[in-house]
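Chain letters run A, B, ... following the sequence lines, proteins first, then strands; residues in each count from 1.
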Number of protein chains: 2
Amino acid sequence: MAAAPTNPSRPEQDLEILEPLCAVFRRHLKSLGQKYTPERAQILDVLVRLDDLFEADHLLAEMRRGGFRVSKATVYRTIKLLKDAGIIQQVLLDTDTEQAHYQLVYGRRSRDLIIRTDTRQAIPVELPELVELCERICVTLGLKAHAHRLHIFAAAE
Amino acid sequence: MAAAPTNPSRPEQDLEILEPLCAVFRRHLKSLGQKYTPERAQILDVLVRLDDLFEADHLLAEMRRGGFRVSKATVYRTIKLLKDAGIIQQVLLDTDTEQAHYQLVYGRRSRDLIIRTDTRQAIPVELPELVELCERICVTLGLKAHAHRLHIFAAAE
DNA sequence: GTCGGTGCAAATGCTTTGCATTGAT
DNA sequence: ATCAATGCAAAGCATTTGCACCGAC
């Protein structure tokens with residue numbers, strides 16, 4: 001198995017991200033002495049077409065809907081790998097504590113989000129000033145900032 | 001039972017926060033037709049002396065260490081109430097997904113944190129510019145920001 | 001041919017809940 | 001006196017794991 005299965009109906013911009021994302025994941029796996037399996041490829045393939053925020057359950061359901069047969073265990077195991085690889089990131093919503101929510105961050109300049117409390121929609125935003133702000137405050141404490149995460153909770157006026 | 005039990009060894013600044021915090025909680029409970037019980041008072045009392053980040057387990061252990069006898073169920077039930085009252089807030093650490101972490105936010109101007117990835121220490125920070133930044137970006141999208149949460153991941157250089 | 005991966009089902013562990021009793025108002 | 005809270009133990013439920021078989025390298 002060399003590449004993720006392709007889906008001709010998938011929009012162009014997803015194809016663009018899938019290839020480098022796949023390469024990053026394969027590199028990460030190789031560095032750990034782990035293998036790139038068809039199941040993992042299928043998960044990537046579905047992942048890039050998911051909404052901004054998704055849950056393990058949701059990913060599994062989408063896989064099944066797409067005709068892929070993967071076990072729940074594999075989905076959870078792969079989510080953990082993707083998190084370690086820095087491809088996805090967990091997100092904490094204020095509204096519920098039940099299931100973990102994840103966000104694709106690979107290929108995004110920013111992982112900051114506006115979370116609409118009225119529609120439960122997540123909008124990625126980019127705040128270049130923020131990076132500088134984080135670095136500045138850390139320097140005053142003798143620390144080195146290596147990442148940040150901002151969630152803004154907002155609603156229509 | 002009218003007030004939280006006092007502990008003479010508790011530092012001054014904690015006493016300062018306990019009283020208004022207690023008032024806010026009692027008001028919240030009254031608005032829901034719920035009662036202010038000794039157990040809830042004891043939890044507040046222990047809460048204000050906890051580190052910046054704590055877990056349900058940790059709170060329970062501290063309670064026991066302080067000689068209070070509360071059940072695990074009551075701790076969880078009270079944490080939920082405190083969350084609803086806006087007194088504490090859940091925090092998502094990158095490092096683990098196991099237990100939920102909480103942070104006291106009542107009486108804080110800011111709920112922003114630097115999370116030290118080397119020591120797992122959480123440092124509250126205040127970034128007044130950030131509030132304005134959040135409002136500005138939301139306005140451009142026709143939204144009204146009502147809260148935000150920033151986590152900066154950093155370590156000693 | 002080796003290891004690591006997968007699926008299944010069972011286990012784990014944080015969190016929630018049902019119920020009888022206790023207690024705040 | 002009433003209605004909610006507590007404690008205990010028993011669920012619940014998302015996530016993890018053990019194991020036998022399969023497949024990427």
Side-chain angles (χ1 to χ4, degrees), chain A residues 1-5 22 25-44 46 53-61 63-64 67-85 88 90-93 95-102, chain B residues 1-5 22 25-44 46 53-61 63-64 67-85 88 90-93 95-102:
Chain A
M1 172 99 248
C22 175
F25 193 36
R26 300 187 71 158
R27 202 173 314 133
H28 179 73
L29 290 172
K30 182 164 284 179
S31 77
L32 296 171
Q34 297 184 197
K35 293 163 186 168
Y36 187 68
T37 64
E39 289 81 1
R40 289 172 181 174
Q42 288 164 8
I43 288 172
L44 284 192
V46 169
L53 288 183
F54 65 92
E55 305 162 31
D57 238 22
H58 184 188
L59 175 54
L60 183 61
M63 303 268 321
R64 300 249 158 103
F68 297 126
R69 213 165 297 129
V70 201
S71 72
K72 195 184 289 192
T74 295
V75 167
Y76 277 107
R77 286 189 272 236
T78 305
I79 283 178
K80 182 170 270 178
L81 283 168
L82 289 166
K83 209 166 42 171
D84 294 344
I88 62 172
Q90 198 181 336
V91 171
L92 182 65
L93 301 185
T95 23
D96 66 353
T97 323
E98 320 135 6
Q99 253 181 93
H101 287 79
Y102 298 93
Chain B
M1 170 103 249
C22 175
F25 193 38
R26 299 188 70 159
R27 202 173 315 132
H28 179 74
L29 290 172
K30 181 163 287 179
S31 78
L32 296 171
Q34 298 184 196
K35 292 163 187 170
Y36 186 69
T37 64
E39 288 81 2
R40 289 173 181 174
Q42 288 164 10
I43 288 173
L44 284 193
V46 169
L53 288 183
F54 65 92
E55 305 160 32
D57 238 22
H58 183 187
L59 176 55
L60 183 61
M63 302 269 321
R64 300 248 157 104
F68 297 128
R69 213 163 299 128
V70 201
S71 72
K72 195 185 287 192
T74 295
V75 167
Y76 277 106
R77 286 189 272 236
T78 305
I79 282 178
K80 181 170 271 179
L81 283 168
L82 289 166
K83 211 166 40 171
D84 294 345
I88 63 172
Q90 197 182 335
V91 172
L92 181 65
L93 301 185
T95 23
D96 66 353
T97 322
E98 322 134 4
Q99 252 181 96
H101 287 79
Y102 298 94

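- By the 4.5 Å heavy-atom criterion applied to side chains, B:His28 and B:Asp84 are counted as neighbours.
- Applying the 3.5 Å distance criterion, the base of C:dG4 shares no donor-acceptor pair with the side chain of A:Arg77.
- At whole-Å resolution of the value, CG in A:Leu32 and C1' in C:dG4 are 12 Å apart.
- Where B:Gln34 and A:Thr74 meet DNA chain C, the nucleotide closest to each residue was compared, and A:Thr74 sits on the side nearer the 5' end.
- Considering only heavy atoms from C-beta on, B:Ile43 stays 4.5 Å or farther from B:Arg40 through its side chain.
- A:Leu29 places its CG atom 9 Å from the P atom of D:dC25, with the value rounded to the nearest Å.
- Checking the phosphate oxygens (OP1, OP2) of D:dT6, a side-chain nitrogen or oxygen of B:Thr37 falls inside 4.0 Å.
- Atom P of nucleotide C:dG4 and atom CZ of A:Arg26 are separated by 18 Å, given to the nearest angstrom.
- Atom CD1 in A:Ile43 sits about 13 Å away from atom P in C:dG5, given to the nearest Å.
- A straight line from CG of A:Leu60 to P of C:dG7 spans 10 Å, rounded to a whole angstrom.
- Taken to the nearest 0.5 Å, the NZ atom of B:Lys80 stands 10.5 Å off from the CZ atom of B:Arg77.
- Rounding to whole angstrom units, CD1 of residue B:Ile79 and P of C:dC14 are separated by 13 Å.
- Position along DNA chain D of the nearest nucleotide to A:Asp57 versus B:Arg69 favours B:Arg69 as the more 5'-ward residue.
- Between B:Gln99 and C:dG13, a side-chain N or O to OP1/OP2 separation shorter than 4.0 Å is absent.
- Annotation for A:Glu55 and A:His101: closest pair OE2-NE2, 3.1 Å, computed over non-hydrogen atoms.
- Of the side-chain N and O atoms in B:Tyr76, one or more sit less than 4.0 angstrom from OP1 or OP2 of C:dT15.
- Each of A:Ala73 and B:Val75 was matched to the nucleotide of DNA chain D holding its nearest heavy atom; the match closer to the 5' end belongs to B:Val75.
- Comparing A:Thr78 and B:Lys35 along DNA chain C, the residue whose closest nucleotide (by nearest heavy atom) sits nearer the 5' end is A:Thr78.
- Summarising the geometry, the separation between CD on B:Gln42 and P on D:dA5 is reported as 16 Å, rounded to the nearest angstrom.
- Closest approach of A:Gln99 to A:Asp57, counting heavy atoms only: OE1-CB, 3.1 Å.
- Residue B:Lys72 places no side-chain atom within donor-acceptor reach of the base of D:dC8, judged by atom type and a 3.5 Å distance cut-off alone.
- Atom pair A:Met63:CE and C:dT6:P shows a separation of 11 Å (rounding to whole Å applied).
- Taking only side-chain atoms of A:Glu39, from C-beta outward, the nucleotide of D:dA24, D:dT16, C:dG7 with the closest atom is C:dG7.
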